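Right, one structure below, let's go through it.
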Amino acid sequence: ITTLEIASNTKPSNTLSAKPIQELIRLSGSKPVLDLLKLSVSKCAYGLDIKLDPLQIEIFAEDLLEKYNCDPVEDIIEALKRGRQGNFGNNYGKFNMIVITEWITKVLDEKSQLKQNQHENIKKQNSESLSKVDYQAYKIRDKKEKSEKKETPSELHFQHFKHEYQNKNK
């Protein structure tokens with residue numbers, strides 16, 4: 001997984017099946033993920049006209065890596081991007097972990113809602129397909145089968161034996 005692949009896939013609807021940060025670290029190490037987070041933090045701060053020194057950027061990236069290691073990095077990137085664009089309201093020149101956490105929480109809530117909507121749609125489709133089962137036809141067939149007296153093999157054997165016996169004794 002490359003940085004470009006991750007960065008181009010940051011809409012919440014695209015990240016429903018994205019790998020969590022800890023999985024990316026397992027696959028490619030922490031440096032590429034940390035570098036991606038540093039880049040995203042830098043872009044966000046620059047877009048908000050907030051000056052951060054390299055140590056501050058690294059601290060933010062490490063904190064994000066640690067706090068959100070079970071979530072996809074794409075969700076963090078999307079939150080930072082949308083925060084930078086003002087989609088979550090005015091931050092009044094504040095840029096700290098509290099603000100970033102609020103942004104990420106909103107993105108994760110949206111993602112959760114998308115997952116829930118998908119689940120509800122699947123449930124609805126399944127219930128619609130079940131409602132198409134023709135229970136009336138089943139009941140009629142079941143009643144017909146029960147009303148027809150079916151001869152078991154032992155009854156057939158008995159009838160055959162009885163018929164042969166009667167023919168011998170005539």
Side-chain angles (χ1 to χ4, degrees), residues 1-139 142:
I1 297 174
T2 67
T3 304
L4 182 59
E5 289 172 327
I6 292 170
S8 66
N9 193 30
T10 59
K11 296 286 183 222
S13 59
N14 293 339
T15 65
L16 291 176
S17 61
K19 290 179 174 44
I21 288 174
Q22 61 190 6
E23 181 72 13
L24 292 177
I25 290 171
R26 189 181 66 73
L27 293 172
S28 61
S30 63
K31 186 173 176 2
V33 179
L34 196 58
D35 289 344
L36 184 60
L37 289 172
K38 287 179 191 178
L39 176 65
S40 297
V41 167
S42 297
K43 286 172 65 175
C44 184
Y46 183 80
L48 295 170
D49 198 26
I50 295 173
K51 307 279 188 260
L52 295 178
D53 63 51
L55 181 59
Q56 288 173 307
I57 293 170
E58 186 158 341
I59 290 170
F60 276 129
E62 288 174 357
D63 287 349
L64 291 169
L65 185 76
E66 183 180 310
K67 185 170 185 168
Y68 295 101
N69 69 349
C70 293
D71 296 304
V73 72
E74 292 90 344
D75 292 338
I76 296 169
I77 294 168
E78 177 68 11
L80 290 168
K81 177 182 173 185
R82 289 173 55 195
R84 179 185 78 228
Q85 294 171 342
N87 292 337
F88 303 124
N90 192 339
N91 69 337
Y92 303 103
K94 292 182 183 176
F95 188 70
N96 55 36
M97 278 305 288
I98 295 169
V99 172
I100 294 171
T101 298
E102 289 174 4
W103 295 345
I104 294 171
T105 299
K106 288 178 182 178
V107 168
L108 293 176
D109 287 346
E110 285 179 21
K111 184 176 174 179
S112 176
Q113 188 62 46
L114 282 171
K115 283 183 179 180
Q116 186 175 353
N117 290 346
Q118 282 183 345
H119 179 70
E120 292 298 322
N121 287 339
I122 290 169
K123 274 178 51 177
K124 185 178 176 183
Q125 289 171 354
N126 288 343
S127 69
E128 286 173 358
S129 67
L130 285 176
S131 67
K132 292 179 184 176
V133 173
D134 190 356
Y135 289 109
Q136 191 61 30
Y138 170 76
K139 288 179 183 178
D142 189 49

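On a predicted model such as this, the values are computed, not experimentally measured, just so you know.
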Quiz item: Does a side-chain N-to-carboxylate-O contact under 4.0 Å join Glu74 and Lys81?
Solution: no

Quiz item: Taking NZ, NE, NH1 and NH2 as the nitrogens, is one of them in Asp53 or Lys51 under 4.0 Å from a carboxylate oxygen of the other?
Solution: no

Could you work out, with side-chain hydrogen bond (donor to acceptor under 3.5 Å, both in side chains) as the rule, every residue matching [X], not counting sequence neighbours?
X	answer
Lys139	none
Gln113	Asn117
Asp35	Lys31

Which atom of [X] lies closest to which atom of [Y], heavy atoms considered:
X	Y	value
Ala61	Lys38	CB-CG, 3.6 Å
Trp103	Cys44	CZ3-SG, 3.6 Å
Asp75	Val107	O-CG1, 3.8 Å
Ala45	Phe95	CB-CE2, 4.1 Å
Lys111	Pro72	NZ-CG, 3.2 Å
Ile57	Ser42	CD1-OG, 3.2 Å

Measuring from atom [atom1] of [X] to atom [atom2] of [Y], what distance do you get when rounded to the nearest 0.5 angstrom?
X	Y	atom1	atom2	answer
Gln116	Lys123	CD	NZ	9.0 Å
Asp63	Ile100	CG	CD1	9.0 Å
Glu62	Leu55	CD	CG	8.5 Å
Ser28	Lys19	OG	NZ	10.5 Å
Asn91	Ile98	CG	CD1	12.5 Å

Quiz prompt | Contact check, side chains of Ile21 and Ile76, non-hydrogen atoms, under 4.5 Å | solution = yes

Self-check item: Any Gln56 side-chain heavy atom under 4.5 Å of Val41 side chain
Solution: no

Self-check item: Thr101 side chain vs Met97 backbone, donor-acceptor pair below 3.5 Å
Solution: yes

Exercise. For atom CG of Asp49, decide whether the heavy atoms of other residues, nucleotides or ligands shown that lie under 6.0 angstrom number more than 12.
Key: no

Exercise. Verify the neighbour count for atom CD of Glu120: are there more than 12 heavy atoms of other residues, nucleotides or ligands below 6.0 Å?
Key: yes

Self-check item: Identified side chain to side chain contact (heavy atoms under 4.5 Å, CB included) partner of Val73 from the options Leu34, Leu37, Ile25
Solution: Leu37

